[in-house]
Amino acid sequence: MSDLKNSLFLKALRGEPTERTPIWVMRQAGRYLPEYMQVREKISFNDLCRTPEAACEVTLQPVRRFGFDAAIMFSDILTPLEAMGAPFDFSQGGPKLERPLRDEKDIRALRRYPSLEGVPYVAEAIGLMKQGLGDRTPLIGFAGSPFTLATYLIEGGGSKDYAYLKTMLYSRPELLQELLDKLGDQILDYLRMQVDAGVDAVQLFDTWGGILHPADYRTMVLPVVRRIMDGLKDSGVPRIYFLKGSAPYNHLIKDLDVEAFGVDWTQDLSLAIDQMGGKAVQGNLDPLCLYGDREQIRRRALEICAKGAAASGHVFNLGHGILPKTPISAVETLVETVQGYRKE
Ligand code: CP3
């Protein structure tokens, strides 16, 4: 067996005992890192996602600096949408779609494509990242869930109330369903391509799945998440489902065939472990705790480690992405604390 299969991260996801708790953080390659900002002075965010050498460099940066136990490939959840005919502009801060999807004509105009051909730079970047990481640090591939992608496609960017999406849900649910199914096909193909290219685990980001009534979550979101996860089962890599705001849905998602659930910071980790029993968990420190002082970071991180010790596998993470103003010293404190923790 290669060293990688015995990495703390992959062992924890398989529910095997580990000497210590592995840690990585969502959005670990990003604007809080001066070396990332240096790269961004020379290249736009969109070009960074499409240029394998540069994407590889920023993927490795946080692993080099902090010694995280996993790397996540640098890209964006919106990257695969451009080849479907929905290019996002990131130059004004948040993502913007020139022509949001509002009716069946728009939705039917979205193109399905073979991922290896439509976004060849992603597979190429994964190849470089795997070389750069060697057999010490596993690489996580990822995609956005169809529902979260649909919010960006229909709203045309971020949103406070999701008025367009919800108007569609409450007036033409079959149209929203059609969009989700189409995205589901594309995302399954996209993730399988990443596995073929060499990623060691995959995470599905469902950042906005939590904005629905549980009954709507169950009928609109869960089936397509299940189809993607089931479709990845034979690929053999661990599958992580991160649904932000999942607390009211834990009883619905617990039977998904995945290796691990990401848990956001609004939940007590012990309760989430009870509710989703038998699976590994990943989480769940409030990203804003890293704006606090050293003692709080240590105390709260250790509490989470202790709670995670009761799970069948715990990967330490934040409950959502790390924020741009996070001090480097806070991340150092966090990593040192988690990597220093030992189960009693
Ligand atoms: O985790 C990593 O380090 C890998 C890279 C990664 C990025 N985005 C880089 C990025 C990942 C996994 C994502 C996921 C992502 N992207 C999500 C899901 C997770 C989450 O945080 O909720 C979502 C909703 C997006 C969409 C997105 N991308 C938004 C809303 C924005 C603008 C807001 C913001 O944070 O800037 C982005 C841009 C983005 N994606 C940046 C980075 C580093 C900043 C762009 C820059 O460098 O200027």
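When a ligand or atom number is given, it counts from 1 through the structure's own listing order.
Under a 4.0 Å criterion applied to the non-hydrogen atoms of Met73, ligand 1 contributes the atoms 4 (C). Near Phe90, the atoms of ligand 1 lying under 4.0 angstrom from a non-hydrogen atom of the residue are 28 (N), 37 (C), 38 (C). Taking every non-hydrogen atom of Arg40 and a distance limit under 4.0 Å, the qualifying atoms of ligand 1 come out as 46 (C), 47 (O), 48 (O). When each atom of ligand 1 is checked for a heavy atom of Thr207 under 4.0 Å away, the hits are 18 (C), 19 (C), 20 (C), 22 (O), 24 (C). Close approach of ligand 1 to Pro95 is summarised as follows: ligand atoms under 4.0 Å from at least one heavy atom of the residue are 29 (C), 30 (C), 31 (C), 32 (C). Near Ser75, with a cut-off below 4.0 Å to any heavy atom, the atoms of ligand 1 are 5 (C), 6 (C), 7 (C), 8 (N), 9 (C).
Taking distance alone, with nitrogen or oxygen atoms compared against 3.5 Å, Thr148 stays at or beyond that limit from ligand 1. On a distance-only criterion, Arg31 and ligand 1 share at least one N/O pair closer than 3.5 Å. For ligand 1, none of its N or O atoms has an N or O atom of Phe45 under 3.5 Å away. Residue His320 has at least one N or O atom closer than 3.5 Å to an N or O atom of ligand 1. For ligand 1, none of its N or O atoms has an N or O atom of Trp24 under 3.5 Å away.
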Just list the side-chain donor-acceptor pairs under 3.5 Å for residues 302-310, sequence neighbours left out, or say none.
{"unit_1": "Glu303", "atom_1": "OE2", "unit_2": "Arg299", "atom_2": "NH1", "d": "2.8"}
{"unit_1": "Lys307", "atom_1": "NZ", "unit_2": "Asp268", "atom_2": "OD2", "d": "2.9"}

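Counting heavy atoms from C-beta outward, Pro324 and Tyr32 have side chains that stay 4.5 Å or more apart.
Under the salt bridge (Lys or Arg N to Asp or Glu O under 4.0 Å) criterion, the residue pairs touching residues 90-102 are Arg99-Asp106, with sequence neighbours excluded.
A donor-acceptor pair is defined here as one N or O able to donate and one able to accept, closer than 3.5 Å; such a pair exists between the side chain of Thr148 and the backbone of Thr207.
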Q: Output, in order, the C-alpha distance, side-chain angles, deciding distance and verdict of side chain to side chain donor-acceptor pair (under 3.5 Å) for Ser75 and Thr79.
A: CA-CA 7 Å; Ser75 183; Thr79 302; 3.3 Å; yes

